[in-house]
Amino acid sequence: MKDLKLQFPKGFLFGTATSAYQIEGAWNEDGKGESIWDRYCHDGMGKVANNDTADISIDHYHHLDEDLDMLKDIGCKTYRFSLAWTRLLPNGIGEVNQKGIDFYNKLIDGLLARDIIPAVTLYHWDLPAALQDMGGWTNREIVNWFLEYAELCFKSFGDRVKLWMTHNEMTVFTFSGYSTGKFPPCIRDYKMAVLAAHHALLAHGAAVKLYRDMGLDGKIGVALDLVPKVPLTDAEEDIKVAEIANATSHFLFYDAIVKGCYSELALKIYRENNFLPNFDFEVMAEDMKIISEKCDFIGVNYYYTQAVRYKKGEGRFDYEVAFRNLNRSTADWEIDPEGFYDLLMKIKRDTNGSMPIIITENGYSADEVRTFEEEIMDYDRIDYLEKHLTALHRAISDGVDVRGYMLWSAFDNFEWNFGFEKRFGLIYVDYKTLKRTKKLSAEWYRRLIEYQKNVK
Ligand code: BGC
């Protein structure tokens, strides 16, 4: 194993990331309410591999100290995790569950005691089922529901948590939830997805404003999933569909937050296809002000770049995803560190370099190779990380203001519709015994972090 001898700027936050539903388990313990992911996994809608559920997952809820010790051993300076809305407000609004507050206090205090900076995501897809029953993200009231939840979190933990993210990956819970129907609530109605997207953005902006109004002294941003689409060839039609694909999916959220408006192209395409909800454009102008409430940083979740090509009649907007000749992860994502560099440079250009960036996720699902001694030699993961961290380092040298890197993920965990089939962790988890074992990549990452000690 070769060390990566690159030094990042002083104070650069190296860490790891997880989310509540994917690791906590204890799905109905200590007063926790039902989330849409609990419901989806239980009702056998048949979309999760092997009918897996995260009822127990890696049982982080009952392995807190052991897990935090492992993060400490790796040398993490920060740890990004999400709060389960249903642990704190079992019905989404109303009655508060003190045991949920206690659990997160224990987690936050445990991190601080180990000199690890807590970085909290408010919403990582596990909407309270009770709120889904009232329309979920398509009901504009959700902005107020989210504010009630955010206020509780800021009040309860804001004295110690100084790094916040409103949502994780809005594209996923709005478009995959309401348009492709691949994720709960499994609806296939594009117009509803656009409405859900708008409300998610509004809830984000309103929570940022609330944080400011409460006079809290930390930083708040959002974790955006940015999967850039590039044209497969130089053909004009490929270039055009790549623009459409970017504007109407991941960059819809980015444009709204960073530029303060929806892209004209996205609106035009939605209009032409009758996907635009009946927005009141006066209200919309006000909404955009809220949505673009200035964040302290933009969180970037980058895994891959996708090539697209024009194909008449394909999907909604006449394009299909096509593979280039790049290696792929076991999730079939093309490995494209250059795409990472290009994305970071784009953000720098779009924001005149004035918006700090945190890499809130980047990582790799690999097949594990074991030695006779049962050591887990995940060389492919190390290779992926090395390439992406090198690209990141180059972007920083070229003036991109990146403050931290939160590797996905600390532990193997429940990978949504892939169930437990895909492993992203630095730490291997045996799902039968719940035994944790550090993979080679954990040691490699530890050494990289250690190497930063002498940065002047
Ligand atoms: C999500 C994580 C997920 C990871 C790997 C991101 O889309 O935020 O929850 O596990 O990617 O697929």
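In each ligand, atom 1 is the first atom listed, and ligand 1 is the first ligand listed. Residues: numbered from 1 along the sequence shown. Below, each value reflects all heavy atoms present in this structure, side chains not excepted, and no hydrogens, waters or symmetry copies.
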Checklist entry - Counting both backbone and side chain atoms, is some N or O of Trp125 under 3.5 Å from an N or O of ligand 1? => result no
Item to check | Atom CG of Asn327 with >12 non-hydrogen neighbours under 6.0 angstrom | outcome: no
Item to check | Nearest neighbour in protein (non-hydrogen) for atom 10 (O) of ligand 1 | outcome: Glu415 OE1, 2.6 Å
Next on the checklist: With the threshold set at under 4.0 angstrom, would you say Trp416 reaches ligand 1 through any of its heavy atoms?
Outcome noted: yes
Checklist entry - What residue and heavy atom of the protein are closest to atom 1 (C) of ligand 1, and at what distance? => result Glu361 OE1, 3.3 Å
Item to check | Option among Asp380, Asp412, Asp378 that satisfies the salt bridge (Lys or Arg N to Asp or Glu O under 4.0 Å) test with Lys439 | outcome: Asp412
Checklist entry - Under a 4.0 Å heavy-atom limit, does Val172 contact ligand 1 with its side chain, its backbone, both, or neither? => result neither
Checklist entry - Looking at Asp109, Asp65, Asp67, which hits salt bridge (Lys or Arg N to Asp or Glu O under 4.0 Å) with Arg114? => result Asp65
Checklist entry - Does anything in residues 126-138 pair up under salt bridge (charged side-chain N to carboxylate O under 4.0 Å, His left out), and if so which pairs, sequence neighbours excluded? => result Arg39-Asp133
Checklist entry - Can you find a non-hydrogen atom of Asp225 under 4.0 Å from ligand 1? => result no
Item to check | Polar contact flag for Asn413 and ligand 1 (N/O pairs, less than 3.5 Å) | outcome: no
Checklist entry - Under 6.0 Å from the CG atom of Leu267, do we count more than 12 heavy atoms belonging to anything else shown? => result yes
Next on the checklist: If you count every heavy atom of other residues, nucleotides or ligands that lies below 6.0 Å from Lys219 atom NZ, does the total exceed 12?
Outcome noted: no
Item to check | Any Trp333 heavy atom less than 4.0 Å from ligand 1 | outcome: yes
Item to check | Asp30 and Lys32 ion-paired at < 4.0 Å | outcome: no
Checklist entry - Any idea which protein heavy atom is nearest atom 7 (O) of ligand 1, and the distance to it? => result Glu169 OE1, 2.6 Å
Item to check | Nearest protein heavy atom with distance in Å, relative to atom 4 (C) of ligand 1 | outcome: Tyr303 OH, 3.3 Å
Next on the checklist: Is the shortest side-chain heavy-atom distance between Leu122 and Phe154 below 4.5 Å?
Outcome noted: yes
Item to check | Polar contact flag for His124 and ligand 1 (N/O pairs, less than 3.5 Å) | outcome: yes
Checklist entry - Under 3.5 Å, N or O to N or O, is Ser19 touching ligand 1 that way? => result no
